[in-house]
Amino acid sequence: MSGVSHPPRLTSASVLRLKREGGLAHFPGLARPRRLDCSRFSEAQRAELQRLLELTVESCRGDAEPEGADWRRLQLSVEDDSGREIWQLRAIEEAVPMALLEWWRRAESE
Amino acid sequence: MTCVAGPQTFLPPYLLERIAGSASPRLRESARRTLYEDTHFRARAAVSTLPPGSTVRGRPARYVHDAQQLRTLPGELVRAEGSADSGDPAVDEAYHGLGDTYRLFWEVFQRHSLDDRGMALVATVHYGENYENAFWDGRQMVFGDGDGELFNRFTIAVDVIAHELSHGVIAYEGALVYSHQSGALNESLADVFGSLAKQYRDRQRAAEADWLIGAGLFTDRVKGRALRSMAEPGNAYDDPLLGRDPQPGHMDDFVETQDDHGGVHINSGIPNRAYQLAAVALGGYAWESVGPIWYDTLIDSRLASDCEFVPFAELTLDNAVRRFGSSSRQAEAVREAWRGVGVLP
Ligand SMILES: [Zn+2]
């Protein structure tokens with residue numbers, strides 16, 4: 001996970017996609033991508049999301065692929081107003097702040 | 001169910017900060033924990049040095065820790081080798097599950113812990129809040145309490161405990177690369193020894209076993225029996241939230257995917273079913289029939305870390321011949337089992 005790039009600045013037109021995968025078993029229902037439409041959030045919430053993405057990037061920096069098995073991962077991507085993916089990150093869940101996992105729980109399945 | 005972490009309820013951190021200073025002690029505690037977590041989660045590094053192992057062959061050295069709903073490892077030591085039941089079901093299930101797994105490897109395969117040199121068996125329970133997973137981090141096992149909505153605590157199933165520990169054995173022996181077919185073999189071997197630990201503990205014959213991995217993990221709300229079925233891959237669960245069990249039981253249905261490290265928990269259904277077919281065909285106790293063949297294969301120096309299904313099947317067959325003879329019923333059962341799942345012609 002080295003070479004992780006800084007997340008783009010979230011605007012009201014940004015869409016954040018979150019996909020949780022891996023773990024002791026693969027559950028297709030839980031692994032479906034979920035989306036967060038920034039247009040539906042207040043400025044404070046968007047700032048919060050921005051902060052959480054930056055925290056995740058910070059936490060992933062310098063981490064090698066961990067040893068072991070059955071880790072869960074969160075795949076994050078941001079799309080701009082034209083629907084183009086402009087940023088992506090795949091992090092082990094241990095590097096993801098709890099609050100961002102809460103956003104995942106709340107996000108709508110696609 | 002707490003207010004900040006349940007699937008139906010959600011609060012962003014700026015509200016958490018408000019709650020952390022609010023009236024309800026329960027809400028306050030929960031919010032404080034989540035905030036603490038997020039400012040300290042860089043401290044997630046696992047145990048850097050393991051505690052002392054066991055110098056006596058035949059005796060394990062168990063250490064069970066309590067993470068107290070945080071995500072820091074290993075947490076506080078709450079039960080060490082030889083101490084009495086703690087009264088906390090997760091702690092005691094982990095302790096006994098480690099013992100059951102140790103006993104299988106020692107009594108059946110004369111293996112003294114994961115590395116055969118008495119390595120300490122370390123587990124952490126109550127990991128994270130509403131955490132619905134268990135994993136092996138390369139040195140120790142980690143178990144969540146489940147969310148109570150879909151999942152119970154992950155120590156409830158001894159085969160899941162043995163599955164995680166077996167990843168440790170596999171890392172010491174085959175070191176099968178954790179992606180695509182070699183990863184599916186890694187997962188399958190963890191299920192094989194997971195199921196063996198349960199059958200050995202319960203003295204179950206192949207015909208009596210349920211061949212389920214993780215029975216008891218789902219709450220009553222889930223339409224399903226377990227995480228996986230070795231006898232009927234693809235039929236363990238079919239639930240509106242979890243989806244449908246994606247495991248194939250035959251090469252015709254092999255799943256090509258980039259998800260799940262190339263389907264390691266998906267395509268493991270195929271070698272799982274081959275093992276189960278051989279065990280049932282031979283009858284009796286699996287740890288006396290097909291289990292030793294799979295163990296011989298795991299510790300076979302010819303097992304390549306990037307091994308795929310066909311060479312793995314051939315290696316099990318070769319080990320069946322070595323142990324029981326070329327015209328033995330064991331060798332025949334193994335050959336037929338791999339044919340049954342479409343791996344061997
Ligand atoms: Zn596994």
**Student:** Using a 4.5 Å cut-off on heavy atoms from C-beta on, say whether the side chain of Y131(B) contacts that of E93(A).
**Tutor:** yes
**Student:** What part of L49(A) is in contact with chain B, defined as an atom under 4.5 angstrom from a non-hydrogen atom: side chain, backbone, both or neither?
**Tutor:** neither
**Student:** Could you have a look at G23(A), A47(A), G22(A) and say which one has the most heavy-atom pairs with chain B under 4.5 angstrom?
**Tutor:** G23(A)
**Student:** Under 4.5 Å heavy-atom distance to chain A, tell me which part of V142(B) shows up: side chain, backbone, both or neither.
**Tutor:** neither
**Student:** Roughly how far, to the nearest 0.5 Å, is CH2 of W71(A) from OH of Y178(B)?
**Tutor:** 11.5 Å
**Student:** Where is the tightest heavy-atom contact between N133(B) and D70(A), given as atom of each residue plus distance?
**Tutor:** ND2-O, 3.0 Å
**Student:** What residues of residues 256-264 of chain B sit under 4.5 Å from chain A when only non-hydrogen atoms are counted?
**Tutor:** D259(B), D260(B), H261(B)
**Student:** Counting only non-hydrogen atoms closer than 4.5 Å, does A69(A) touch chain B with its backbone (N, CA, C, O), its side chain (CB onward), both, or neither?
**Tutor:** both
**Student:** Please give me the minimum heavy-atom distance between R228(B) and L24(A), naming the atom from each residue.
**Tutor:** NH1-O, 2.9 Å
**Student:** Which answer fits L241(B), side chain, backbone, both or neither, if we ask what part of it has an atom under 4.5 Å from a heavy atom of chain A?
**Tutor:** backbone
**Student:** Closer than 4.0 angstrom, basic N to acidic O: yes or no for R20(A) and E132(B)?
**Tutor:** yes
**Student:** Kindly compute the distance separating CD (E94(A)) from OG1 (T72(B)), expressed to the nearest 0.5 Å.
**Tutor:** 11.0 Å
